[in-house]
Amino acid sequence: DYDLTKPVDVDISKASGSGIASAGSTDAGGGWIAPSIKDEIKDLRELKEFCVSMMAQSRTRAAQIYMELEDEFVRRGVDKTLAQKILMDAFKSIPREKTMDSGYLKVYMRNKMLEKIDVTDPLSRNRIVAFIGPPGVGKTTTIAKLAAIYSLKKKKSIALLTMDTYRIAAAEQIRVYGKIIGVPVEVARNAVELSSFIALHRDKDLILIDTAGRTRKNGSHIRELSEMARICPDIRFNLVLSSQARDRWLYETVKGFSVVPVDSLTFTKLDEADVYGPILNTMMLSRKPLAYLTTGQRVPEDIELATKERLLHFCMPN
Ligand code: GDP
């Protein structure tokens, strides 16, 4: 597994299968050796030096390819440790003569990553989905996009609920969207009220829940969300993150929201991000599948369901 939390031992000599460099210390024990055996050891030493120099020549090319690919991953924002894990796995797993064939390596890595990348479609699998995450990442806009698509295009009956009672403007924002799309909007002040609205809308195909835009450091907000999960166990939680954010911020946000049973991730603002590697990094670290990617402010156009191929395109060296 590509485990981001463990340091990686990057040693090209191991990657290209070289064990010869350490395999000749026959006299390491310091015992008595007969003169005839000494000659044989001399021959063996010469043979070893020859093999090592042969290995060095082939290793140079494999090492160069390794470095180039690592650079390409890192340039795309893929965490360096993760890039090294992916590469080490490839170098160790493919036939040795293929380690100098970057095309072969890429095909291997692509297939391996297709196995590892996890995507999901929360609204086709669940009836009640809450969108949580830091303020300003685009939760309300994402909900409006999904509500419009599912209501207007897919002809599903929908209710929008909001727990965002901290900012009056926020509840107003979702009311406006509800009115335009033609779906009911309810504002709940706490988890108990929320559960009664969920009961009220039991006839709906889908219930989408907006939550207060508070940071992970806000203890009362996090408590409120875990209360929500406790009182309404049917809710599935989608954590919304901005793709403009740096790895450290993303990891800490995932950690901060981990008291809530997060089922999937959404990444917003891909149109404003320089690199997309952090999406892969966060998915791997959190072990949560990716759900939606949003690519602009337009409602409902700028949203797509995440696919493995799209993520590969973002992160894999060409
Ligand atoms: P919330 O506080 O998480 O609910 O965030 P909002 O939905 O209110 O969005 C905050 C701002 O981000 C608004 O100006 C949105 O138009 C903008 N926004 C949301 N999604 C995207 C996106 O995919 N791309 C861009 N460029 N802006 C977005």
Side-chain angles (χ1 to χ4, degrees), residues 77 119 122-123 129-151 158-181 183 185-189 194 207-218 220-222 224-225 228 235-246 249-250 252-254 256-257 260 262-280 282-283 288 290-307 310-311 313-314:
V119 292
L123 299 202
V129 181
F131 292 79
I132 61 173
V137 289
K139 294 182 292 299
T140 308
T141 315
T142 301
I143 290 171
K145 290 170 180 172
L146 292 168
I149 292 168
Y150 276 81
S151 163
I158 292 182
L160 299 180
L161 312 185
T162 181
M163 284 267 284
D164 197 342
T165 51
Y166 295 99
R167 295 175 304 156
I168 296 179
E172 201 41 43
Q173 189 188 350
I174 198 141
R175 272 213 178 90
V176 170
Y177 280 127
K179 216 169 184 176
I180 297 169
I181 303 163
V183 298
V185 176
E186 316 281 2
V187 183
R189 282 171 300 176
L194 189 79
I207 296 178
L208 304 182
I209 304 169
D210 200 358
T211 54
R214 290 303 196 82
T215 67
R216 65 186 159 80
K217 290 185 184 147
N218 187 297
S220 70
H221 173 53
I222 297 295
E224 190 176 77
L225 291 177
M228 210 169 124
I235 299 178
R236 292 290 157 263
F237 290 88
N238 180 280
L239 177 61
V240 184
L241 298 164
S242 167
S243 54
Q244 291 174 301
R246 300 267 143 246
W249 186 90
L250 291 166
E252 284 180 0
T253 304
V254 168
F257 280 89
V260 184
V262 170
D263 297 286
S264 59
L265 305 176
T266 285
F267 274 86
T268 60
K269 309 193 184 188
L270 269 73
D271 53 310
E272 288 181 351
D274 304 323
V275 289
Y276 303 110
I279 301 177
L280 178 77
T282 312
M283 189 211 74
K288 303 288 179 199
L290 269 184
Y292 303 106
L293 302 173
T294 81
T295 52
Q297 292 178 297
R298 289 178 310 162
V299 176
E301 293 90 340
D302 295 331
I303 189 163
E304 58 187 81
L305 195 59
T307 62
R310 187 94 157 115
L311 204 61
H313 173 74
F314 286 152

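Just follow the structure's listing: the first ligand is 1, and inside any ligand the first atom is 1.
Side-chain contact check for Thr294 versus Val240: every heavy-atom pair is 4.5 Å or farther apart. Looking only at side-chain heavy atoms (C-beta outward), Leu270 and Tyr276 come within less than 4.5 Å of each other. At least one side-chain heavy atom of Phe237 sits under 4.5 Å from a side-chain heavy atom of Met228. For the pair Phe131/Val137, no side-chain contact is recorded, criterion being any heavy-atom separation below 4.5 Å from C-beta on.
Within the 4.0 Å heavy-atom cutoff, Asp302 does not count among the residues contacting ligand 1.
Looking at Asp271 against ligand 1, only its side chain comes within 4.0 Å, counting heavy atoms.
With sequence neighbours left out, the salt bridge (Lys or Arg N to Asp or Glu O under 4.0 Å) criterion links Arg310 to Glu304.
Evaluated by nearest non-hydrogen atom to atom 12 (O) of ligand 1, the leading choice among Lys269, Gln173, Gln297 is Lys269. Of the listed options Thr295, Thr141, Thr266, Thr141 places a heavy atom closest to atom 6 (P) of ligand 1.
Those atoms of ligand 1 that come under 4.0 Å of a heavy atom in Thr140, given as number and element, are 4 (O), 7 (O). Numbered from 1 in the order shown, with element, the atoms of ligand 1 that lie under 4.0 Å from a heavy atom of Glu272 read 26 (N).
Using modelled atom types, one finds a donor on one side chain and an acceptor on the other under 3.5 Å when comparing Asn238 with Ser264.
Looking at ligand 1, you'll find an N or O of Val137 within less than 3.5 Å of one of its N or O atoms. Between Gly138 and ligand 1, at least one N/O pair is under 3.5 Å apart.
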